[in-house]
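Right, one structure below, let's go through it.
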Amino acid sequence: MELLTTNNVWMMVCTGLVFFMHLGFAFLEIGLTRQKNTINILFKNVFIITVGLLLYCLVGFNLMYPGEFNGFLGFAGFGLESPLTAEGALDLAYNEGYTYWTDFLFQGMFAATAATIVSGAVAERIKIGPFMIFTILYVGLVYPIAGSWKWGGGFLDSLETPFYDFAGSTLVHSVGGWAALVAIYLLGARIGKFKDGKPQAIPGHNIPLATAGVLILWLGWFGFNGGSVLSADPALTSLTLVTTCLAAAAGGVVSFITSTLMYKNYDLTMFLNGILGGLVGITAGADQMSPTDAILIGAIAGIIIVLGVALVDKMKLDDPVGAVAVHLICGIWGTLAVGIFGSLASGAQFMSQLIGVASYAAICIVTSFLILFILKVTIGIRVSEREELEGLDPHEHGMSAYSDFRLNEH
């Protein structure tokens with residue numbers, strides 16, 4: 001009983017840390033975009049966490065953990081079961097790590113994260129209504145069905161060498177990243193982003209806030225990865241936090257060095273995204289890596305970030321916060337790294353990781369394209385030119401984030 005209490009308290013602390021990540025995402029997004037769209041971005045972030053939790057309670061949790069099912073799609077019914085015994089006491093036989101309620105809440109925080117990734121990529125030009133519809137369908141249905149393939153005991157967990165994704169490099173980050181990629185393709189670039197085919201910098205209005213956002217996300221990742229141990233096991237939780245931290249540090253340092261060599265300036269935003277890339281990269285195998293493995297995985301993620309951002313620009317895609325490079329490309333890298341580094345490294349494991357990456361690419365690209373394309377041809381997904389130039393805050397929300405003062409905007 002004491003062990004259950006300790007495990008459960010640790011899982012609750014980690015749940016709080018993952019919840020705190022939503023503030024980090026909000027700060028990062030508003031910091032890297034323009035003042036005139038701040039309310040819009042904050043509104044989307046608040047919508048995602050509130051509606052995401054309700055949807056996860058109603059259908060998501062039981063889609064993701066359906067019990068016995070065919071490995072592709074299962075549903076254990078609407079709403080949360082009451083895990084009470086006949087005597088009315090809480091059923092503590094749920095598992096050794098934590099209670100049913102804790103499990104729901106911890107997983108619910110993860111579910112909302114996938115849509116937050118999309119929010120940053122489509123910032124400053126998407127209509128709020130279609131974005132909300134997309135969030136409801138993607139968080140309510142797509143994420144939990146995809147999640148069940150591995151974490152719910154589905155077909156990827158039943159491969160001869162099971163696909164491995166400890167805390168969601170693919171299951172959370174790539175699921176958001178693929179949808180972000182499809183969304184920015186269908187939306188088109190912001191006005192002024194590309195001039196004569198060349199990408200132009202559109203500076204964010206508050207880099208100190210963006211920096212705070214990244215450091216909050218790093219803190220939250222202690223819960224994201226640390227909680228994914230699913231117990232307070234001292235050896236595994238402490239190793240996981242060490243590998244998580246080292247990968248983040250290596251990602252940041254290598255990213256800033258790479259971008260300095262390429263662009264001859266010390267770019268803070270690359271430094272920050274490098275930290276996030278390192279975190280996403282280690283997430284799939286944080287419990288399987290040695291400290292040296294973690295530094296290597298983070299360092300490679302740091303290089304990938306700089307090249308990934310340049311690639312997205314080259315493809316004429318406009319990603320204001322670098323979400324595709326961070327969450328999709330580094331998510332794929334982190335997933336494949338499980339087959340290259342650490343205690344699971346083998347050819348068979350690498351093939352299973354590839355199968356997993358391809359499976360998630362398929363479901364995410366198809367579903368997000370269908371949802372967004374239907375929205376595009378029916379109600380439209382992009383704001384008018386006037387709304388975009390004047391800002392989404394006055395047009396969509398009728399208010400300003402900083403009503404007492406004005407910053408010069410170009």
Side-chain angles (χ1 to χ4, degrees), residues 7 10-25 28 97 106-107 109-110 113-114 116-117 151 164-174 176-177 211-255 271-305 326-327 329-338 340-345 353:
N7 287 338
W10 169 245
M11 292 297 293
M12 281 295 194
V13 169
C14 289
T15 301
L17 285 169
V18 180
F19 174 79
F20 194 43
M21 290 174 83
H22 290 277
L23 178 64
F25 276 121
L28 177 63
F106 182 68
Q107 302 299 342
M109 294 303 163
F110 272 57
T113 305
T116 309
I117 292 163
W151 289 344
Y164 194 80
D165 191 353
F166 172 63
S169 282
T170 285
L171 270 79
V172 178
H173 296 284
S174 291
T211 307
V214 168
L215 293 173
I216 288 170
L217 284 167
W218 189 344
L219 173 63
W221 235 284
F222 284 127
F224 201 85
N225 287 0
S228 295
V229 173
L230 304 182
S231 78
D233 179 294
L236 269 181
T237 46
S238 49
L239 172 70
T240 298
L241 297 194
V242 167
T243 56
T244 299
C245 243
L246 289 173
V253 170
V254 173
S255 181
F271 206 158
L272 296 173
N273 267 339
I275 290 170
L276 295 179
L279 287 164
V280 172
I282 196 63
T283 293
D287 63 330
Q288 301 294 327
M289 302 300 168
S290 72
T292 312
D293 293 330
I295 291 169
L296 286 168
I297 289 169
I300 294 167
I303 298 169
I304 288 171
I305 283 293
V326 171
H327 298 283
I329 305 177
C330 285
I332 291 169
W333 157 240
T335 306
L336 297 178
V338 174
I340 304 168
F341 296 99
S343 50
L344 291 177
Q353 300 304 97

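- Checked by atom type, the side-chain pair Asp293/Ser290 shows a donor-acceptor distance below 3.5 Å.
- Heavy atoms only, all atoms of each residue included: Ala301 and Gly277 are closest at CB-O, 3.5 Å.
- Proximity of Trp333 to Ser169: side-chain heavy atoms (C-beta onward) are nowhere separated by under 4.5 Å.
- Relative ring orientation between Phe166 and Tyr164 is described as parallel, the plane-to-plane angle staying below 30° on a 0-90° scale split at 30° and 60°.
- Side chain of Thr243 to backbone of Ala286: a donor-acceptor contact under 3.5 angstrom is found.
- Under the 3.5 Å distance criterion, the side-chain polar atoms of Trp151 are matched with a main-chain donor or acceptor of Asp165.
- A 4.5 Å side-chain heavy-atom check between Trp221 and Thr283 finds at least one atom pair inside the cut-off.
- Using a 4.5 Å heavy-atom cutoff, the side chains of Leu239 and Asp287 are not in contact.
- A donor-acceptor pair under 3.5 Å links the side-chain atoms of Gln353 to the main chain of Thr335, judged by distance alone.
- The one candidate from Leu23, Leu28, Leu272 that meets the side-chain contact (heavy atoms from CB on, under 4.5 Å) condition with Leu217 is Leu28.
- Residues Cys330 and Ile305 are in side-chain contact: their nearest non-hydrogen atoms beyond the backbone lie under 4.5 Å apart.
- The shortest distance between side-chain heavy atoms of Ile297 and Met289 falls below 4.5 Å.
- Considering only heavy atoms from C-beta on, Leu219 stays 4.5 Å or farther from Ile216 through its side chain.
- Considering only heavy atoms from C-beta on, Leu171 stays 4.5 Å or farther from Phe110 through its side chain.
- Between Ile282 and Phe341 there is no side-chain heavy-atom pair separated by less than 4.5 Å.
- For the pair Ser174 (side chain) and Gly177 (backbone), a donor-acceptor distance under 3.5 Å is absent.
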